Structure formats: structure tokens, C-alpha cells
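One structure is given below, encoded as C-alpha cells.
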Amino acid sequence: MDKEVYLDHAATTALSPRALEEMLPLFTARYGNPSSIHEPGVRAKKALEDSRARVAKAIGAASSEIFFTSGGTESDNWVLEGVFRQKGGGHIVASAIEHNAVLKPLERLREQGCRVTLLRPDALGRVSPEALEAAICPDTILVSVMTANNVVGTVQDIPALARVARKHRVLFHTDAVQAVGQLPLSVRGLGVDFLSLSAHKFGGPKGIGALYMRLPRRLPPLIDGGGQERSLRSGTENVPSVVGMAAALEETVALLPETAPHLRTLRDRLIEGVRDIPGVWLTGDPADRLPGFASFLVEGLGHSVHLVNALNERGFCVSSGSACSASANTASHVLEAMGVEKELAAGALRITLGRENTAEEIEALLRCLHDLIPLLRAKKPAMLF
Ligand SMILES: *Cc1c(COP(=O)(O)O)cnc(C)c1O
């Protein structure tokens, strides 16, 4: 195949042409600083606040509840660190399958005296509200559970989990970076206090994201300076990226009624087509999973990076797990927490679809997988050095 077929949308997505079009003038003619009081500044401020309203509307929030950040990682760090500082200590509960943008800050907080409980999900990657309730203690200050997982695509029952936290008067955060743009979401429906999102996972630019904070909740700033974002997140606002994020989110949410069934059809065909290759299993929840998310364990290959490379040579861009752990020769902490043995977990394969993908591409990929997997298995001894 001459054309590159991109099937790694959980790692990042292409910038939507509409978002780019809206961004371009902000790099050139409309370059003002939103803090300036002259006309270019006023225009930039207006672009910033219009974007805030668009982002808020897309997730059912109020504009005053949206704070712009440099991405999902910063939003996650802000919540964990911010709540811990605000409360002056305490106990935090998170799932063991969170992204490292949650797990790594928790490791650091632990060194500062924070007590951390990591909830193990079941074999399908689901976190149970009962397990959460059992973990909550009198000194619990925060619960953090992701809306959808980035390794296996399992979607959590966030309303039920958030209800448990609220019953015990504990704040609830969800990392919705994988879910925003893939599922219809409203912060009120979810019942969360904090929600992280990242533009480059839904057709926006990289390096921009947002944190939703339910009013009247306010976190102390991580970054101090000029007092931007109502003094909570200093630094001259990235106006072009904020506008690109708003445009991409609005477009993605508007297209979702068409996109979701399209993605589900392609995903289900892919899962069904892979099923008759011996020694290949679906990971994650077969029902409650992101619409474009297919993830497998391929037995007998050693590390799946060999398969990912072979597919790449044939023009298919897929992943061996999460983008951040793909290069490290380590099994995913997510699969490990789900009870998958290390050796088997090394065979993880993640194929994540976007609205531009077609049925023909999936058929071509399936033919390739049917050819390659037996071939690589036969070659395996040679590949082990
Ligand atoms: C990609 C991702 C992040 C990190 O977001 P960035 O904007 O790349 O910092 C955090 N959490 C999840 C679940 C992700 O998939």
C-alpha cells in the first residue's frame, strides 16, 4: 500500500482543517496579547473568551468553569497537586489504570506524605463503585478515575463512581482526555468536580488543553506570574491554540452522531475479523469501550513491537500500547493491573480509529494481520537475538 493509513488516534490526531483555518489569522494579522488594552489586545481577549464559551458549551459547563492549560498532563497535575495543597494533606484514591499524568504526580505526592490507594480494576478494566466506596476513608480528599482508558478503551461508569464520592463529600476528578470527542459528555451528567481534556486527541493542536473546575471550587495555581486565567494559571495565553481547540471540539461534538456509528462499525468489523486468527484476544470491555478503540493481545510474538514495525512497513500506523510506553520495553501497567501476565502483556496491540478511516482500510489491515502474525510467529526464534 502506498498510502499511509493512520490508525493510532489514541496517541494523537491530525489537526482538523477547520481548526487550522480558524487558527491561521491569529498567528499573523491578529497577534495581540489578550492582556493589552489596545485594539489588537481587545480582539485577542475576545477570541480567547469566545473560545472559552465554545469549549464550555461542548461539555455542558459554564465559561467561568473552564481554565486553559498546556494539555491533559498539566490539567491532571494541577488537580492532584492543587487539591493536596489546598487540603494540606490527606488520602487520595485513584484507579491503578490511570495515565502516567495521574500516576506520576501521585508518586511524588506520596513522597510528601500523601496516602494513596490505587484501585485494581476487574479483568475487563472496570473500576467498581463498591470497591471505591470501600477505599474511601475519613481523610480522603480526592478520587481520580479516568473516563476511558488509553490502553484498552474501557469506559468507566463515571456517574456511579462520582455519586459514591459525593455521598462521602469527597472531590471527584476524571481524566476525560480519551473520551472527549468520542462520547457525548456533560460535566453535569457525569457529576464530577474536575475534568481534564486535551485538544490533540480530538483534532485540535498539541500543547493545549483545559481543566473544568465546578463552581465555586477553585484550586491554587501551580504556575504563578502575570495572573492570567483569573490568576490561577499564569503565562501569556496561547490564543491560536485555544481557538483551534475550541473549533476542533465544536466540530467533533457536532459530527459525533455520524462519527460514532461509523467508528463502531469499523471497530466491530476489525474485532470480528481478528477473532479467527488463533492466539489473539480482545482486551478491555467488549461492550463499554470507546467507539473507535480496538485492542488485542497477540500471543507467541515476543514483543508486539515487531508486529507494529512490520505493519508500519506496509503503511499501517498502529501502536503496541500507549504512545508513552510504546518505546519502553515494559509491559503496560494497565494490562498488569487487569491481571494479564507480563509475557502475554508484551503482545499488546492497539488500533484506534478516526472519522477519516474507511472500511477498505480495515479490510486491508485485516488481510495484513492474517498474513503477518503467522509469519512473525514462525520467525520468532531468530528475532530473540
Ligand atoms: C494523551 C493523554 C494524556 C496526556 O495529554 P497531553 O495533552 O498529551 O499532555 C492524559 N491522559 C490520557 C488518558 C491521555 O490519553
Side-chain angles (χ1 to χ4, degrees), residues 7-15 19 55 59 66-81 94-107 118 121 125 127 144-156 158 161 173-183 185 190 192 194-212 222-223 233 235 238 241-242 244-246 248-249 252 283-285 289-295 318-328 332-335 337-338 348 350-354:
L7 299 161
D8 197 13
H9 292 80
T12 198
T13 59
L15 185 65
V55 170
I59 60 167
I66 302 297
F67 293 83
F68 297 126
T69 66
S70 63
T73 301
E74 185 186 332
S75 295
D76 286 348
N77 272 263
W78 191 3
V79 174
L80 300 163
E81 186 95 34
S95 86
I97 59 169
E98 294 300 304
H99 191 275
N100 275 336
V102 167
L103 294 179
K104 295 286 173 181
L106 282 176
E107 270 176 32
L118 295 182
V127 177
S144 183
V145 180
M146 67 205 317
T147 311
N149 183 265
N150 57 304
V151 176
V152 294
T154 299
V155 177
Q156 304 296 340
I158 295 298
L161 294 163
H173 165 244
T174 191
D175 172 340
V177 172
Q178 285 294 326
V180 171
Q182 293 271 317
L183 303 172
L185 289 184
L190 293 172
V192 298
F194 305 103
L195 178 145
S196 306
L197 61 87
S198 171
H200 75 99
K201 304 285 174 84
F202 54 74
K206 293 166 183 64
I208 191 78
L211 178 64
Y212 157 82
L222 286 194
I223 298 172
R233 206 289 190 179
N238 186 347
S241 292
V242 164
M245 171 164 67
L249 183 54
T252 307
T283 54
D285 196 312
R289 59 189 302 120
L290 289 170
F293 209 108
S295 50
V318 304
S319 164
S320 64
S322 72
C324 4
S325 57
S327 47
S332 149
H333 67 271
V334 173
L335 294 168
M338 288 165 59
R350 183 183 73 176
I351 302 165
T352 46
L353 315 173

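By convention here, the first residue in the shown sequence is residue 1. Here the structure is a predicted model, which means the values were calculated and not measured. Note that ligands are numbered from 1 as they come in the structure, with each ligand's atoms numbered from 1 the same way.
If you number the atoms of ligand 1 from 1 as listed, the ones under 4.0 Å from a heavy atom of Asn150 come out as 15 (O). Taking a cut-off of under 4.0 Å to the non-hydrogen atoms of Gly71, the atoms of ligand 1 that pass are 7 (O). Close approach of ligand 1 to Val177 is summarised as follows: ligand atoms under 4.0 Å from at least one heavy atom of the residue are 1 (C), 2 (C), 3 (C), 10 (C), 11 (N), 12 (C), 14 (C), 15 (O).
Scanning the protein for heavy atoms near atom 1 (C) of ligand 1, the closest one is Lys201 NZ, 1.5 Å. At the top of the distance list for atom 8 (O) of ligand 1, counting protein heavy atoms only, stands His200 NE2, 2.9 Å. Considering only non-hydrogen protein atoms, atom 3 (C) of ligand 1 sits nearest to His99 NE2, 3.6 Å. Of all protein heavy atoms, the one lying nearest to atom 4 (C) of ligand 1 is Thr73 OG1, 3.5 Å. Atom 6 (P) of ligand 1 has Gly72 N, 3.5 Å as its closest protein atom, hydrogens excluded (heavy atom only). Atom 7 (O) of ligand 1 has Ser198 OG, 2.6 Å as its closest protein atom, hydrogens excluded (heavy atom only).
Backbone and side-chain nitrogen or oxygen atoms of Ser70 are examined, and none is located within less than 3.5 angstrom of a nitrogen or oxygen of ligand 1. Taking any N or O of Gln178, backbone or side chain, at least one lies under 3.5 Å from an N or O belonging to ligand 1.
At a heavy-atom distance under 4.0 Å, only side-chain atoms of Met146, from C-beta outward, approach ligand 1. Neither the backbone nor the side chain of Lys206 has any atom closer than 4.0 Å to an atom of ligand 1 (non-hydrogen atoms only). Of the heavy atoms in Asp175, only side-chain atoms (C-beta onward) come closer than 4.0 Å to ligand 1.
The backbone N or O of Ile208 sits nowhere less than 3.5 Å from a side-chain atom of Ser241 that would complete a donor-acceptor pair. Between the side chain of Ser196 and the backbone N or O of Leu211 there is no donor-acceptor pair closer than 3.5 Å. Between the side chain of Arg350 and the backbone N or O of Gly153 there is no donor-acceptor pair closer than 3.5 Å.
No side-chain donor-acceptor contact under 3.5 Å links His9 and Thr352.
From Ser75, atom OG reaches atom NE2 of His173 across 7.0 Å, with rounding to the nearest 0.5 Å. To the nearest 0.5 Å, atom OG of residue Ser70 and atom CD1 of residue Ile223 are 6.5 Å apart. A distance of 12.5 Å separates CG of Leu197 from CD of Gln178, quoted to the nearest 0.5 Å.
Summarising the local packing, NZ of Lys206 is surrounded by more than 12 heavy atoms from other residues, nucleotides or ligands at distances under 6.0 Å.
Nearest heavy atoms, Met146 versus Gln156: O-CG, 3.2 Å.
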